[in-house]
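Reckoned from all heavy atoms, side chains included, excluding hydrogens, waters and symmetry mates. Letters A, B, ... mirror the listed sequences (proteins, then strands); counts begin at 1. If you're wondering where the values come from, they're calculated on a predicted model, not measured in any experiment.
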Amino acid sequence: MLSKPHRLRKTKDFLTVYQQGRRHNSAVLSLRVYQRPYSEGNIPPIRIGISVSQKVSKHAVVRNRLKRQLRAACSQLLPQMKAGRDIVLVVRPTALKCSYQQFLQQLKQLFTQAEILHGH
RNA sequence: AGAGUAGGCGCAGGUGGUUGCAAAUUUACCUUGAGGUAAAUUUGAGGAAAGUCCGGGCUCCCGAAAGAUCAGACUUGCUGGGUAACGCCCAGUGCGGGUGACCGUGAGGAGAGUGCCACAGAAACAUACCGCCGAUGGCGUGCUGGUCACGCACAGGUAAGGGUGCAAGGGUGCGGUAAGAGCGCACCAGCAACGUCGAGAGGCGUUGGCUCGGUAAACCCCGGUGGGGAGCAAGGCAGAUGGAGCCAGGUUGGUCUUUUUCCAGCUCCAGCUUUUGAGGCCGCUUGAGGCAUUUGGUAACAAAUGACCCAGAUAGAUAACCGCCCCCUUGUGAUUCGCCAGUCUUGGCUUUGCCAAAACGACGCUGACCACAAGGAGAACAGAACCCGGCUUAUGUCCUGCUCUUUCA
RNA sequence: GGACGCAUAGCUCAGUUGGUUAGAGCACCACGUUGACAUCGUGGGGGUCCCCCGUUCGAGUCGGGGUGUGUCCA
């Protein structure tokens, strides 16, 4: 579970990311990144939101499990990530068959594409 | 062994490691304060949390004074009990199903009224199509001239038989009759009255007149309940925003030389996305609470006593990943038990043999058990969202009682 | 979270108090018309009335349960 400052919580924030963020897609996930404006020397922390619609699965148990696995994968990658971004992960129905290792791999690939990780 | 049936105040993986989340409490530090940070401890989904099908608590609105009766509306429907209440639960009755354990039951009234019962059929609350009869009356013929015989099927009688249909108006049998008919009788079904048993639904018995179609998950009648509606996205508080009103008092502060004006002020209303925000705080978890013991009750359940506090999230916590145990399948090995050709001892008898008991037991079988290896599944259904009591639906596994069938003793 | 509605032919919809073979338009097929196509005319095929259980002689319709799908509430 991510700690509170790293969670994206408000509907307004989600809308901002959807409307103004850049998109990166893969087979199982859709990533949107929004660079928040900030003053020099006061960089806000990165915030991550995960969206799983009812189209993915009708059962809340399955949706919650997907969100928990993705959160765990994100928290593992969190120390390598640049601050000041808002990220929304949209889960696609193909994600139902993925394991934790596959999620981790997909996230690394997407974050590299979006140039969020340090050292790239 | 197989098949089935009922119940459970049965369980809902365990354990170790790494990385993490939420709440409460305590301690420390920071902060004017609200609060924040860190550490430790404790706690952290369900039997259905689900469907939202019922019943409540709680909150607001309308309305009224809610006590009684009537009308309307709503709801319910065998009996008795339980419950805060229920359409729920328990115990029983009737009916239906099953070989049985047992199961199902929307089970008041069609003998208050209205409607409907298509097609078929003559007729679906009132009837004669075919058929049967034609005793009685009518017409004709005959001669024995009658209380006659024969014929006709005109009046008429008839629900036995045929045919139609889900259904034709109690059923079967005997008598009876012109033919028939509860017309008479016996048994059965059903109805009513009486007696008796039962708290009651009803059970049993006797007698009676002989009999009445189905449908109320059609309208309805009878009985029963009791203001209506919305729902925690109810509703309340604070805050910033907009609009309207008040300048009574005061002239405090800012703008200004002064006055006027405007903004802060107070009241009301609206509504809350673009720098706290499609929501901050409360409601929000102590409750018809669960647990243990005893007592009452066939049971549902109730009472008393004791100790207990047991989720409160809000893009939504209670977890993610990796091992081991446990479970299943396959293979290998091992020897302990089991089965088996047979050997031997004892005993009995119908004595070249048979039977019974005990011991040993090759080659094997793999049945149980053990070890190792490989593979599979990580449990099934499923995630609290104001809270309780039920119902319904989904679902893995364990235990117990009972029934039927087959085989062996 | 809560409150409601809908499901009938490939598509859009009717279906009366339960009644006999469930209809309409578009689409599809065949034939006619045309040199050919379109239009037009005639005829035809196509239905798990979303699923299960019940009431009834008889259910698209009535009662109960389930599934799918959509709308509204700050």
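In this structure, B:rC232 makes no Watson-Crick or G-U wobble pair, since no nucleotide meets both defining distances under 3.5 angstrom. Base pairing of B:rA91 is made with B:rU79, judged by Watson-Crick or G-U wobble geometry with both donor-acceptor distances under 3.5 Å. Across all strands shown, B:rA122 forms no Watson-Crick or G-U wobble pair with both key distances under 3.5 Å. With both pairing distances under 3.5 Å, C:rG43 is matched to C:rC29 as a Watson-Crick or G-U wobble pair. Of all nucleotides present, only B:rA320 satisfies the Watson-Crick or G-U wobble test against B:rU18, with each distance under 3.5 Å. When both pairing distances are held under 3.5 Å, B:rC129 makes a Watson-Crick or G-U pair with B:rG162. Pairing partner, C:rG1: C:rC73, with both Watson-Crick or wobble hydrogen-bond distances short of 3.5 Å. In this structure, B:rA270 forms a base pair with B:rU241, meeting either the Watson-Crick or the G-U wobble geometry with both donor-acceptor distances under 3.5 Å.
Across the P atoms, B:rG36 and B:rG13 are found 36 Å apart, a figure rounded to whole Å. Atom P of B:rU298 sits at a distance of 37 Å from the matching atom of B:rC398, rounded to the whole Å. Between the P atoms of B:rG235 and B:rC284, the separation comes to 16 Å (whole Å). For the C1' atoms, the distance from B:rA168 to B:rU207 is 33 Å, rounded to whole Å. With C1' as the reference atom, B:rG175 and B:rG182 are 13 Å apart, rounded to whole Å. When the C1' atom is compared between B:rG98 and B:rU5, the two are found 11 Å apart, to the nearest whole Å. A distance of about 48 Å separates the P atoms of B:rC74 and B:rG4, rounded to the whole Å. Between B:rA288 and C:rU16, the distance separating the two P atoms is 49 Å to the nearest Å.
The SG atom of A:C74 lies 10.5 Å from the CZ atom of A:F103; values are rounded to the nearest 0.5 Å. To the nearest 0.5 Å, atom NE2 of residue A:H24 and atom CD of residue A:Q113 are 6.5 Å apart.
Base orientation of B:rA45: syn (glycosidic angle within 90° of 0). Regarding the sugar-base torsion, B:rG51 falls in the anti class, its angle being beyond 90° of 0. Classified by its glycosidic torsion, B:rC282 falls in the anti category, the angle being over 90° from 0. Taking the syn range as angles within 90° of 0, the glycosidic angle of B:rU285 is syn. For B:rG367, the glycosidic angle deviates from 0 by more than 90°, giving an anti base.
For A:S51 and A:A73, each mapped to the nucleotide of RNA chain B holding its nearest heavy atom, the one lying further toward the 5' end belongs to A:S51. Between A:Q69 and A:G49, the residue anchored closer to the 5' end of RNA chain B is A:G49, taking for each the nucleotide with the nearest heavy atom.
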Inset, instruction - List the steps, then state whether side-chain contact (heavy atoms from CB on, under 4.5 Å) holds for A:L107 with A:L89. - result: CA-CA 10 Å; A:L107 281 175; A:L89 286 168; 3.9 Å; yes

Inset, instruction - Would you please test A:S30 and A:V88 for side-chain contact (heavy atoms from CB on, under 4.5 Å) and show each step? - result: CA-CA 8 Å; A:S30 175; A:V88 172; over 6 Å; no

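Taking atom CZ of residue A:R71 and atom C1' of nucleotide B:rG20, one finds them 11 Å apart after rounding to whole Å. B:rU19 atom P lies 17 Å from atom CG of A:L104, rounded to whole Å. Here B:rA319 presents its P atom at 18 Å from CG of A:L70, a figure rounded to the nearest Å. Atom P of nucleotide B:rC21 and atom NZ of A:K67 are separated by 18 Å, given to the nearest angstrom. A straight line from CD1 of A:I50 to P of B:rU314 spans 16 Å, rounded to a whole angstrom.
In this structure the side chain of A:L70 never reaches within 4.5 angstrom of the side chain of A:K67, judged on heavy atoms. The closest side-chain heavy-atom distance from A:I50 to A:R71 is below 4.5 Å.
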Do any N or O atoms of the protein come closer than 3.5 Å to N or O atoms of nucleotides 377-383 of chain B, and which pairs are they?
unit_1	atom_1	unit_2	atom_2	d
B:rG383	OP2	A:A60	N	3.3
B:rG383	O6	A:R68	NH2	3.1

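When all heavy atoms of A:N25 and A:L31 are compared, the closest pair comes out as OD1-N, 4.5 Å. Counting all heavy atoms, side chain and backbone alike, A:L29 lies closest to A:Q106 at CD1-CB, 4.2 Å.
Evaluation of the side-chain contact (heavy atoms from CB on, under 4.5 Å) rule for A:V61 yields no partner, not counting sequence neighbours.
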